[in-house]
Every structure is written in C-alpha cells, then in structure tokens.
Amino acid sequence: MTALSKDIGTGAYPSGRGFIAVWSLVNGHPRCIEAPLSVAAVAPEQLAAIIARNRALAALCARAEAVEAAQRRAAQTEPPELLAVLDETGEQLVQMPNPDHQAWTAALSLLATIATDSDLQHLLRTRSDSLEEDEFGQAAEEPYQFLLPPVPTFDDPLTQTADWDGQTWQVRNMTAEELADWPLRPAPTLGKAAFAQVLRGAVGDTLAVTVLTSPEINLTLTLAGQVDWTDIFLTANGGPGYAQRLVDTGIVTGTHVAALKDAWPLFAGV
C-alpha cells in the first residue's frame with residue numbers, strides 16, 4: 001500500500017511507542033527504508049532534526065497529492081456552473097452555484113499555478129512513472145531526489161522545530177497545540193535511583209550530594225515513589241518547583257538547573 005503524506009507526520013510511532021521513523025522518497029513516494037530512531041537512545045538534537053525533515057517531506061508529498069487530485073478532477077467533463085434547486089419554501093426552483101463546478105475550476109487554477117514549478121513537475125513525473133525519455137526510449141532524467149541542507153541547530157529541541165520554505169530552514173518555537181502531543185518531551189517521572197544518577201551526571205557528584213541531602217529534596221525522595229518533572233521544574237506544593245527553590249537558597253545556579261533539564265531523559269512511550 002502506498003503511504004500518504006498523512007502517514008508521515010512527525011515520524012512518531014503510534015500509541016506512544018518510543019521511536020521516530022526516518023522517512024525517505026523512493027520513486028517519488030514516501031517510504032521507510034532506514035531503521036527508526038529510539039527516543040530513549042538518540043540525542044534530542046538528532047531526533048528534532050529528523051522530525052523537521054519528516055515534516056518537510058510530508059508537506060512536499062501533500063502538495064503533490066493535491067496536484068494529482070486536481071489532475072483527476074480537471075480531467076472530468078466540466079460540470080454545470082449552476083444547479084436548479086428548490087427554495088426554502090420548497091415550491092420554486094432557484095439557480096445556485098454548483099460546488100462540483102467550483103471544485104473543477106479550482107483544480108484548473110491550481111494546475112495553472114504549478115505549471116512552471118519545474119521541481120514539483122519533476123516530482124510528479126517521478127510519481128507517475130513518466131520521466132522524460134530520449135529518442136530511443138531511454139530514460140533522459142533521473143528520478144526526483146529529496147535533498148535538503150542540514151537542519152539548523154535548535155536552542156531547545158524539545159520546544160522548537162524548523163519549517164522548510166522551499167529555500168531555507170526557518171527555526172521557530174512550537175505552538176501550544178503542537179507541544180501537546182509532540183513526540184519529544186521529558187519523561188514525566190523518574191525513579192529515585194534514576195533521578196540521582198541524572199543529577200550526578202548534570203551537576204557532578206559533590207553538588208549532587210548537597211542537593212540530595214537538602215531538606216526539601218531529601219523529604220521528596222523519602223516520601224515519593226517517583227520524582228516528578230513538574231515538581232522539580234514547575235510547581236511543587238503550590239509554590240515554585242524544587243529547582244527554583246534551590247536556586248533561591250543559593251545551593252545551585254540557573255546553569256545547574258539548565259544542565260539538569262538537558263540531562264533529563266525523554267519520554268520513551270510504553
């Protein structure tokens with residue numbers, strides 16, 4: 001079955017499984033020919049770059065699909081411009097614009113618009129197995145290749161993405177709607193031992209001991225079965241998160257907090 005642009009999306013596996021698919025073009029159609037990337041094992045920067053590339057490919061395929069649908073529509077006999085329908089009283093016939101004719105006209109307009117887009121036309125020829133041939137019936141052009149420059153570096157790969165505008169990458173912050181189901185997000189909780197290990201890797205053994213023995217963090221580890229990302233970085237017990245409280249008391253700095261955020265593992269699904 002041929003994959004569609006809607007099947008690409010970000011590349012995130014369905015049902016929250018912790019993998020990102022790496023999509024490519026084969027004969028103009030999207031395919032997964034490379035192994036998927038594990039969210040738990042691959043750096044967020046690399047995952048964010050693959051997601052941006054997947055999204056660019058999805059947008060390209062969606063554009064091709066729209067043109068192919070327009071070609072099918074335009075190939076049909078022109079529908080009547082008007083339809084005779086009963087008015088609200090159900091007694092008299094009135095002339096109303098025909099939606100089918102409007103769609104047919106829109107298809108013609110789209111085809112006229114993209115007629116000079118050589119890149120898109122090359123992709124369409126590849127998808128329809130109609131690449132140009134020489135006088136001997138041999139292929140005179142190579143299939144369309146999906147080639148983009150490297151995705152720029154993100155300041156925060158968990159909250160930023162990049163859009164390909166056809167010429168350059170445009171890095172931007174994601175919307176709240178995108179963030180709600182974005183595949184790259186912090187693990188909501190860590191076990192006590194896992195949290196301690198992440199903390200040591202982020203701030204070093206000496207400072208980690210100071211943090212873990214501070215009254216608030218020590219009490220949290222004693223009472224809680226898991227360490228919650230929200231409690232550490234956002235709010236805890238109606239007040240600032242524990243990280244901010246430690247900054248306020250001078251135990252750690254904002255740089256230490258940023259390092260802990262960077263070291264915090266991603267949610268790898270179920």
Side-chain angles (χ1 to χ4, degrees), residues 1-69 72 123-124 126-127 143-148 150-165 169-191 194-195 198 225-230 233-234 261-270:
M1 181 180 296
T2 301
L4 301 175
S5 58
K6 66 181 181 180
D7 300 318
I8 302 174
T10 61
Y13 272 38
S15 303
R17 289 183 290 167
F19 292 91
I20 302 295
V22 182
W23 286 88
S24 304
L25 272 189
V26 178
N27 292 326
H29 296 280
R31 297 283 188 274
C32 288
I33 58 177
E34 298 182 47
L37 302 180
S38 168
V39 172
V42 178
E45 293 79 7
Q46 183 180 352
L47 294 171
I50 292 298
I51 289 173
R53 191 176 180 279
N54 285 341
R55 292 178 59 251
L57 180 57
L60 176 65
C61 290
R63 192 173 178 218
E65 291 163 7
V67 173
E68 290 163 344
R72 293 190 294 271
L123 173 59
L124 293 168
T126 302
R127 288 168 64 94
Y144 181 90
Q145 298 294 316
F146 181 63
L147 301 174
L148 297 179
V151 179
T153 301
F154 300 106
D155 291 333
D156 183 358
L158 273 62
T159 63
Q160 292 181 313
T161 190
D163 300 320
W164 177 251
D165 65 5
W169 288 106
Q170 301 292 332
V171 176
R172 63 174 176 83
N173 295 326
M174 284 182 285
T175 65
E177 291 75 14
E178 289 173 318
L179 288 172
D181 59 357
W182 199 246
L184 304 185
R185 56 188 185 276
T189 61
L190 294 180
F195 172 74
V198 169
Q226 300 280 321
V227 180
D228 191 292
W229 189 91
T230 299
F233 296 110
L234 297 181
K261 279 187 176 180
D262 290 341
W264 195 282
L266 300 182
F267 175 65
V270 293

* Not counting sequence neighbours, which residues clear side-chain contact (heavy atoms from CB on, under 4.5 Å) with A49? List them please. => V151
* Ring centres of W264 and F233 under 6.0 Å apart? -> yes
* Which residues satisfy the side-chain contact (heavy atoms from CB on, under 4.5 Å) test with D228, sequence neighbours excluded? -> T189, T230, D231
* Return the set of residues passing ring pair (Phe, Tyr, Trp, His ring centres under 6.0 Å) with W164 (not counting sequence neighbours), or none when no residue passes. => W169
* Taking side-chain contact (heavy atoms from CB on, under 4.5 Å) as the test, write out the residues that go with D181, two or more places apart. => none
With a 3.5 Å cut-off and sequence neighbours excluded, list the donor-acceptor pairs that the side chains of residues 28-43 form with protein atoms.
unit_1, atom_1, unit_2, atom_2, d
H29, NE2, R127, O, 3.3
S38, OG, A40, N, 3.3
S38, OG, A41, N, 3.4

* Structure fact -> Sequence neighbours excluded, the answer for salt bridge (Lys or Arg N to Asp or Glu O under 4.0 Å) partners of E65 is none
* Asked: If you round to the nearest 0.5 Å, how far is CG of L4 from SG of C61?
  -> 9.0 Å
* Asked: Once you round to the nearest 0.5 Å, how far does CG of L179 lie from CG of L184?
  -> 10.5 Å
* To do: Calculate, to the nearest 0.5 Å, the distance between atoms OG and CG belonging to S5 and L57 respectively.
  => 9.0 Å
* Asked: Taking C-beta and beyond as the side chain, do F146 and L123 meet within less than 4.5 Å on heavy atoms?
  -> no
* **Least distance between heavy atoms, P183 atom then I51 atom** => CG-CD1, 3.6 Å
Donor-acceptor pairs under 3.5 Å, side chain of residues 152-163 to any protein atom, not counting sequence neighbours: which ones?
unit_1, atom_1, unit_2, atom_2, d
D156, OD1, L158, N, 3.0
D156, OD2, T159, OG1, 3.0
Q160, OE1, D155, N, 2.9
Q160, OE1, D156, N, 3.1
Q160, NE2, N173, OD1, 3.2
T161, OG1, R55, NH1, 3.3
D163, OD1, R55, NH1, 3.0
D163, OD1, R55, NH2, 2.9
D163, OD2, R172, NE, 2.5

* Structure fact -> Closest heavy-atom pair, V198 versus L190, reported as atoms and distance to 0.1 Å, is CG2-CD1, 4.1 Å
* Hey, does P44 have a side-chain heavy atom less than 4.5 Å from the side chain of D262? -> no
* Check: T10 and W182 side chains under 4.5 Å, non-hydrogen atoms -> yes
* Residues forming a salt bridge (Lys or Arg N to Asp or Glu O under 4.0 Å) with R63, sequence neighbours excluded -> D117
